[in-house]
Amino acid sequence: MGKTIIISNRLPVQLQISNGSISAIPSVGGLATGMKSVHSGSDSIWIGWSGLTDEDIPKELAPQIDKALAEHGSSKVNLTSDEVDGFYFGFSNRTIWPLFHYFLEYSEFELESWNVYKAVNQKFADAILEKAEDDDTVWVHDYQLMLVPQMVREKRPNISIGFFLHIPFPSFEIFRTLPWREEVLEGLLGADLIGFHTYDYERHFLSSVRRLLGLEVSFNDIYQDKRIIKVDSFPMGIDYKKFSEAAKEHEKNTTEQQSDLQQRLNNHKRSTPDAKLILSIDRLDYSKGIAKRLNAFEYFLNKYPQYKEKVRLIILAVPSRSNVPQYQLLKKEVDELIGRINGDFSTVSWTPIWYFYRSVPFENLIDLYTSSDIAWLTPLRDGMNLVAKEYVATRTDKTGVLILSEMAGSANEMNESLLVNPNNFEQTADAIYEAINMPKEEQIDRNTELQKRLERYNVERWANDFMSSLKEQKERDAANVSKRLTEHRLSVVLDDFKNAKKKMLFLDYDGTLSGFHADPQKAGPDEELYALLDALNALKDTEVYLVSGRDKETFTKWFLPKKYNMIVEHGVWISQNGEDFRMLENVKNDWMEKIRPVLESFVDRTPGSFIEEKNYSLAWHYRKTDPDFGNLRANELNTVLTSLIANDDLSVLNGNKVMEIKSSNVNKGRATMRVLGEGDYDFVLAIGDDWTDEFMFQELPESTVTIKVGRQNTHAKLFIDDIKYVRNVLKRFTD
Ligand code: GDG
């Protein structure tokens with residue numbers, strides 16, 4: 001088994017240079033803890049930026065730094081301060097962060113910083129490539145490194161790569177505004193598994209992939225050329241034990257052992273025993289909605305004046321990205337708001353807001369969590385929000401109320417909290433009122449459920465789930481690859497072909513010999529295809545049939561002069577050796593009068609879709625429609641048709657972006673079997689790309705070489721990755 005390479009913008013260790021010597025101190029963040037089980041022993045390495053720029057590191061200390069990092073299983077990517085400016089403070093934090101948190105107006109689209117982002121992502125990818133071998137597993141973290149998966153894939157096509165996004169993935173309508181949206185998606189698609197915190201982010205991502213790259217998505221699998229990429233949600237948990245045990249230890253502290261902060265909190269509680277402490281903790285970031293929260297607090301004090309002097313709001317705002325202008329403005333806004341509210345509402349014995357603008361040690365974090373009656377966490381948009389989970393984990397007696405924003409990823413799993421829309425002050429003020437007055441038993445009931453879930457799905461479980469899903473994906477890929485038409489397998493097939501006496505080739509047309517066009521009439525054969533079919537038809541002891549769902553008029557025009565054998569309309573008509581088409585199956589078309597108006601109503605309501613009318617079938621094409629909408633309408637049409645045709649001998653074929661209604665006794669399997677019955681063939685090959693070809697794959701004799709174009713589920717024995725290769729493979733039969 002290979003090693004694991006974890007890669008994130010920052011390393012899980014902090015470097016400190018003092019008096020010419022270096023120390024590396026492990027960070028205590030959630031990610032570092034969660035990855036412990038993944039990042040342990042000598043078979044794992046963590047690559048990232050150390051936090052010090054090239055300019056910060058004295059040259060003579062560089063070897064010492066590498067050594068200190070290596071002791072923690074870490075290896076650094078060197079960045080200059082210009083690179084940090086363009087990549088981190090620039091593209092990551094001025095473009096992607098605001099955009100992905102729906103702050104469109106804050107997103108800056110600067111070509112310069114995009115270029116630096118690309119170059120730095122390449123640096124990270126190179127750092128992986130330097131250390132990676134084919135059987136290694138790479139786990140890339142977060143929005144700073146979205147191009148890395150593809151950059152690694154390019155050089156190491158077989159390596160297993162996972163990517164996890166810690167922030168939201170926005171809806172298509174937002175994401176589409178990014179000038180480099182396709183590049184970002186393609187960068188991510190280098191991974192085998194892409195993880196998000198919630199199903200909503202997952203579906204937004206899939207929708208962008210479908211709409212912007214036009215790739216086929218089935219459930220949570222993306223089909224891209226030779227690869228299937230899995231997308232899934234893994235809600236990140238916390239180190240539950242660490243927080244609950246810290247809280248238990250905290251309870252045991254004697255007064256002397258208590259921190260200054262804890263003693264101040266105790267004094268407050270003693271002086272006003274019935275007053276409630278409300279806690280708000282976030283990085284000072286506009287996505288966290290701190291200013292809105294302050295406004296809502298003012299609204300609450302005005303709506304419920306009886307709580308003046310009875311509540312105190314503790315705001316801990318942790319400094320963050322203070323060289324980005326929006327963060328500086330936000331700091332000013334928050335400072336001013338707090339000043340104004342405290343100025344307006346304070347009394348001699350009461351200041352409504354206690355404000356800390358700093359990061360506090362872990363011990364103080366526990367002081368705050370355990371001393372607060374209410375945690376009020378209402379980000380405007382937040383990938384997950386771990387603070388909410390940590391607060392609940394520290395409630396050893398299970399009391400305490402969590403007021404949480406619906407817009408935080410954690411809201412999906414924390415239904416027992418009071419969920420609010422942070423923009424709705426009325427609702428928020430009422431939630432604070434409800435929290436203050438919530439009976440103890442109810443608090444305990446709610447927290448009991450929350451704690452059970454948080455303890456079970458902790459951060460270690462999250463990391464392990466992601467890794468096992470990545471492993472499964474790799475195994476699935478390997479199983480799939482076992483059916484790929486490799487050079488070796490092709491040579492076996494070609495040998496059998498050459499040794500056979502009487503041979504038959506059944507070739508589907510659209511999606512197999514010819515690519516898809518929005519307008520099916522434009523997907524006619526090119527010169528290269530004619531030359532290939534001529535060569536195949538000239539082969540000795542070999543019969544070739546084009547087997548298609550197309551109408552006979554189109555194929556008459558394209559292929560009859562060439563005298564190719566053809567089966568069209570899924571098997572209604574046959575033409576052999578240049579003779580006119582004759583009916584292979586006796587079918588009726590009087591049902592069309594009933595079905596056509598139904599399809600027409602769908603065309604009217606589904607822009608871009610259209611009807612193709614054949615002699616014995618009707619097809620509704622939706623390739624040109626919006627992909628999500630098209631699928632939705634197709635499902636709807638399927639339901640309508642199923643009840644409508646219940647008593648007729650008709651069936652609905654769901655092809656590739658087309659639904660076709662035709663007689664039940666007509667299909668490509670039945671038709672090819674009839675033709676096959678006319679001779680004694682000892683080599684049969686059938687190749688096709690969609691659902692309608694599955695009839696051939698299922699019904700033709702077991703010995704048939706059945707080949708599917710693409711990787712979707714199939715009854716075929718072999719698959720070819722892409723239409724591009726079909727012609728090359730067929731050419732080999734003519735050598
Ligand atoms: C991103 C996404 C997603 C905070 N202040 C102090 C302190 N903290 C710790 C908390 C918590 C962490 O920082 C904050 O985590 P969040 O999840 O709340 O927020 P982001 O930093 O924005 O993280 C977020 C997360 O990634 C994980 O995927 O949940 O949505 O934005 O662990 O305890 N720790 C200490 N002192 C502080 O003053 N010691």
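FYI, the numbering just counts along the sequence from 1.
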Could you grab the distance from atom [atom1] of [X] to atom [atom2] of [Y], nearest 0.5 Å is fine?
X    : Y    : atom1 : atom2 : answer
M414 : L454 : CE    : CG    : 5.0 Å
D373 : Q443 : CG    : CD    : 8.0 Å
T351 : I338 : OG1   : CD1   : 12.0 Å
L402 : Y391 : CG    : OH    : 7.5 Å
L99  : F169 : CG    : CZ    : 9.0 Å
T370 : L265 : OG1   : CG    : 8.0 Å

Exactly one candidate in V387, D282, L368, N364 meets side chain to side chain contact (heavy atoms under 4.5 Å, CB included) with L316; the answer is L368
Only one of V334, I315, L284 passes side chain to side chain contact (heavy atoms under 4.5 Å, CB included) with Y357, and that residue is L284
For N458, the side-chain hydrogen bond (donor to acceptor under 3.5 Å, both in side chains) test, sequence neighbours excluded, returns none
Look only at the side chain of [X] and the backbone of [Y], and say whether a donor-acceptor pair between them is shorter than 3.5 Å.
X    : Y    : answer
T177 : I174 : yes
S346 : G343 : no
N342 : I353 : yes
Y102 : S171 : yes
N447 : G400 : yes
D142 : H166 : yes

Closest approach of [X] and [Y], non-hydrogen atoms and distance?
X    : Y    : value
I222 : V217 : CG1-CG2, 4.2 Å
Q451 : V392 : NE2-O, 3.0 Å
L404 : S417 : CB-OG, 3.8 Å

The single option from E390, R395, H250 that satisfies side chain to side chain donor-acceptor pair (under 3.5 Å) with Y369 is E390
Specify whether F91 and Y117 have parallel, tilted or perpendicular ring planes, treating 30° as the upper limit for parallel and 60° as the lower limit for perpendicular. tilted
* Please work out which of the three classes, parallel, tilted or perpendicular, describes the rings of F297 and W376, given edges at 30° and 60°. => tilted
Other residues, nucleotides and ligands only: do more than 12 of their heavy atoms fall within 6.0 Å of [atom1] on [X]?
X    : atom1 : result
D260 : CG    : no
K303 : NZ    : yes
E112 : CD    : no

Under the 6.0 Å and 45° cation-pi test, does [X] pair with [Y]?
X    : Y    : value
R211 : F172 : yes
K242 : F362 : yes
R264 : W354 : yes

Check: Stepwise, does the side chain to side chain contact (heavy atoms under 4.5 Å, CB included) test hold for I444 with T448?
Finding: CA-CA 6 Å; I444 292 171; T448 305; 3.8 Å; yes
task: Please find out if less than 6.0 Å separates the ring center of W49 from that of F87.
output: no
With salt bridge (charged side-chain N to carboxylate O under 4.0 Å, His left out) as the test, would you mind laying out the steps for E416 and R453 before giving the verdict?
CA-CA 11 Å; E416 293 80 1; R453 212 171 304 135; 2.6 Å; yes
Exercise for the section: Take K389 and E413 through the test salt bridge (charged side-chain N to carboxylate O under 4.0 Å, His left out) and record every step on the way to the result. Expected result: CA-CA 10 Å; K389 295 184 172 182; E413 305 155 71; 3.1 Å; yes
State plainly whether the residues [X] and [Y] are in salt-bridge range, i.e. N to O under 4.0 Å.
X    : Y    : answer
K248 : E251 : no
E298 : R340 : yes
E636 : R633 : yes

Only one of F205, F234, Y143, F100 passes ring pair (Phe, Tyr, Trp, His ring centres under 6.0 Å) with F196, and that residue is F205
Distance alone, cut at 3.5 Å: any donor-acceptor contact between the side chains of W46 and S8?
yes
